[in-house]
A.B. asks: 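One structure, as structure tokens, below. Some questions next.
Numbering of residues begins at 1 and proceeds along the displayed sequence.
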Amino acid sequence: MTTMTETSARFREFKMPDVGEGLTEAEILKWFVQPGDTVTDGQVVCEVETAKAAVELPIPFDGVVHELRFPEGTTVDVGEVIIAVDVAPGSGDAPAAQDAAPEAVQQPVTEAEPEAPKGRQPVLVGYGVAESSTKRRARKGAQIPGPAAAAIQAEINGRGAKVPESRPLAKPPVRKLAKDLGIDLASVTPTGEGGVITREDVHAAAAPASAEVPARTEEAPAAPAPAPVAQAGARETRIPVKGVRKAIAQAMVGSAFTAPHVTEFVTVDVTRTMKLVAELKEDKDMAGVRVNPLLIIAKALLVAIRRNPGINAAWDEANQEIVQKHYVNLGIAAATPRGLIVPNIKDAHDKTLPQLGEALGELVSTAREGRTSPAAMAGGTVTITNVGVFGVDTGTPILNPGESAILAVGAIKLQPWVHKGKVKPRQVTTLALSFDHRLVDGELGSKVLADVAAILEQPKRLITWA
């Protein structure tokens with residue numbers, strides 16, 4: 001079902017859809033069209049950010065943009081009209097839109113639309129949301145674009161259409177980065193395939209001419225979004241909490257103060273696992289698969305869950321039940337420019353090692369590019385967070401809401417270790433398992449952690465325990 005309203009045979013309106021099931025609002029990050037531009041069915045007209053991800057919205061019909069109802073930076077309720085399109089340009093003069101005071105909803109571009117029924121609004125994705133009392137919040141000084149530009153263009157062109165100006169090619173996360181750094185994409189020299197501007201191009205444009213943009217290593221996390229620059233003499237800077245960051249804060253507070261967390265630790269010799277990783281990188285059956293320690297750790301956790309299925313469960317507070325999951329959607333915590341997100345590999349328990357490696361590589365690449373969909377972050381059962389990429393030895397991770405366990409993996413370092421009765425340099429890491437003590441007792445949690453450690457110490461157990 002498309003979220004659009006037909007105000008007449010000529011003008012149609014497109015409403016903010018529920019781009020993630022159950023979400024009630026989204027912020028307009030960027031308009032890709034302006035009044036007077038010609039649009040076609042399926043063309044992306046704007047980028048919005050929800051509490052889960054940034055999403056590009058395509059228009060579901062052809063026509064000429066008549067009016068943009070909200071400026072960039074405005075948070076809009078699901079179901080609100082965000083753009084009006086003239087689907088029959090040249091059929092008559094466009095009616096003038098009524099003036100509206102700031103924060104007021106402008107009237108339809110033609111005759112009044114029948115009052116929408118109470119309850120859920122039609123949406124593009126999901127089941128819709130109930131009416132919300134959330135107010136729209138526009139940035140200070142922002143001006144709501146009116147239909148004047150479209151009317152003038154219509155008078156000039158006769159049909160109200162103009163050829164859209166070409167705009168630089170770049171993915172939404174790159175556009176967001178450029179916006180944060182104050183870089184005009186039109187001034188950036190693209191180096192990507194097909195003339196696409198990359199993240200490195202934006203950094204190069206922002207850095208001094210003599211500076212070089214450091215390349216990110218294979219294991220390094222995505223760089224965080226640049227922090228706001230404080231004015232000279234300022235003693236503090238206030239950063240609005242919204243979007244993904246707001247969702248993270250709410251989820252972590254809810255998890256920390258709802259589920260009683262217990263964290264256990266174990267330090268393990270992973271020298272044999274590192275040797276296995278090196279061998280798999282040369283194996284022709286793993287060609288094209290990104291092989292790293294995280295892949296073996298993920299497989300080890302899946303084997304440990306199969307041996308101890310009680311860890312793969314959730315607490316249902318409303319019904320006072322423990323929900324045992326007979327599938328594993330393995331979450332992988334990923335640092336992205338928009339904050340920490342936890343997409344998951346669906347049915348990871350059914351995947352072979354090459355399949356798991358391919359899924360893991362795709363998950364990480366998609367997250368770094370900012371293309372993770374809300375669906376990819378829903379339904380996780382158990383999570384891995386690799387804090388070792390930051391050089392950290394271990395941590396006490398907070399459970400992802402709705403899950404019963406999360407495994408933190410520390411940095412793998414060469415350390416003195418007693419091996420076969422002698423002190424030798426060995427590859428060592430520390431694992432930490434946090435679990436919900438309402439449904440996972442100490443025995444079960446300890447067994448899972450011990451199994452993972454045993455597999456990493458002797459990876460042949462991936463075969464003998466399979």
Side-chain angles (χ1 to χ4, degrees), residues 216-221 261-283 286 289-308 311 330-335 348 353 356-357 360-361 364 382-399 405-435 440-466:
R216 192 167 61 211
T217 63
E218 183 182 18
E219 294 294 332
H261 285 56
V262 172
T263 305
E264 294 186 340
F265 308 89
V266 63
T267 302
V268 58
D269 176 1
V270 295
T271 304
R272 291 187 177 91
T273 287
M274 297 304 291
K275 289 180 179 179
L276 175 61
V277 169
E279 291 172 0
L280 289 176
K281 287 182 177 180
E282 303 300 324
D283 194 317
M286 300 295 286
V289 177
R290 183 182 178 189
V291 179
N292 54 29
L294 182 59
L295 172 59
I296 307 303
I297 293 167
K299 191 65 175 179
L301 179 57
L302 291 171
V303 172
I305 291 172
R306 186 186 60 77
R307 287 166 54 86
N308 306 276
I311 197 75
L330 182 62
I332 304 294
L353 190 65
L356 185 63
L360 185 59
V364 172
V382 175
T383 291
I384 295 176
T385 177
N386 186 9
V387 298
V389 296
F390 302 104
V392 175
D393 291 333
T394 190
T396 55
I398 296 178
L399 295 169
I406 178 171
L407 177 70
V409 182
I412 299 175
K413 300 179 179 179
L414 195 64
Q415 297 182 21
W417 192 264
V418 178
H419 177 67
K420 296 182 179 180
K422 296 181 180 180
V423 177
K424 297 182 178 181
R426 305 286 287 181
Q427 298 283 353
V428 177
T429 191
T430 299
L431 307 175
L433 183 72
S434 291
F435 49 86
V440 180
D441 57 27
E443 179 185 12
L444 176 58
S446 299
K447 285 182 176 180
V448 171
L449 186 58
D451 277 0
V452 174
I455 293 171
L456 296 182
E457 186 174 17
Q458 293 282 356
K460 67 181 181 181
R461 291 189 171 102
L462 288 173
I463 300 174
T464 59
W465 288 0

A.B. asks: Would you please name every residue forming a side-chain contact (heavy atoms from CB on, under 4.5 Å) with Val418, sequence neighbours left out?
C.D. replies: Val423

A.B. asks: Do Leu353 and Leu280 have side chains that approach each other closer than 4.5 Å (heavy atoms only, starting at C-beta)?
C.D. replies: yes

A.B. asks: Please set out all donor-acceptor pairs under 3.5 angstrom arising from side-chain atoms of residues 445-460, sequence neighbours excluded.
C.D. replies:
unit_1 : atom_1 : unit_2 : atom_2 : d
Ser446 : OG     : Glu264 : OE1    : 2.9
Ser446 : OG     : Glu264 : OE2    : 3.0
Ser446 : OG     : Gly442 : O      : 2.7
Lys447 : NZ     : Glu443 : OE2    : 3.4
Asp451 : OD2    : Arg307 : NE     : 2.9
Asp451 : OD2    : Asn308 : ND2    : 2.9

A.B. asks: By side-chain contact (heavy atoms from CB on, under 4.5 Å), which residues pair with Ala298, not counting sequence neighbours?
C.D. replies: Leu330, Leu356, Ile384

A.B. asks: Would you indicate whether the side-chain heavy atoms of Leu294 and Val364 approach each other to under 4.5 Å?
C.D. replies: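 Sidechains of Leu294 and Val364: no contact.
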
A.B. asks: Please report, to 0.1 Å, the donor-acceptor pairs under 3.5 Å made by any side chain of residues 426-434, with sequence neighbours excluded.
C.D. replies:
unit_1 : atom_1 : unit_2 : atom_2 : d
Arg426 : NE     : Asp269 : OD2    : 2.8
Arg426 : NE     : Thr271 : OG1    : 3.3
Arg426 : NH2    : Asp269 : OD2    : 3.2
Thr429 : OG1    : Gly410 : O      : 2.9
Thr429 : OG1    : Ala411 : O      : 3.3
Thr430 : OG1    : Thr267 : OG1    : 3.2
Ser434 : OG     : Thr263 : OG1    : 2.7
Ser434 : OG     : Pro397 : O      : 2.8

A.B. asks: Given side chains that start at C-beta, do those of Val270 and Pro293 come closer than 4.5 Å, heavy atoms only?
C.D. replies: no

A.B. asks: Using every non-hydrogen atom in the two residues, find where Ala335 and Phe390 come nearest and quote the distance to one decimal.
C.D. replies: CB-CZ, 4.4 Å

A.B. asks: Could you tell me if the side chain of Asn292 sits less than 4.5 Å from the side chain of Leu295, heavy atoms only?
C.D. replies: yes

A.B. asks: With a 4.5 Å cut-off on side-chain heavy atoms, are Leu360 and Arg290 touching?
C.D. replies: no

A.B. asks: Could you work out, with side-chain hydrogen bond (donor to acceptor under 3.5 Å, both in side chains) as the rule, every residue matching Asp393, not counting sequence neighbours?
C.D. replies: Lys413

A.B. asks: Quick one: closest heavy-atom pair of Phe265 and Thr394, and the distance?
C.D. replies: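 Minimum heavy-atom contact is CD2-OG1, 3.9 Å.
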
A.B. asks: Nearest heavy-atom pair of Leu407 and Ile297: which atoms, and what distance?
C.D. replies: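 Closest heavy-atom pair between Leu407 and Ile297: CD2-CG2, 4.0 Å.
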
A.B. asks: Can you tell me how far CG of Leu414 sits from CE of Met274, rounded to the nearest 0.5 angstrom?
C.D. replies: 10.5 Å

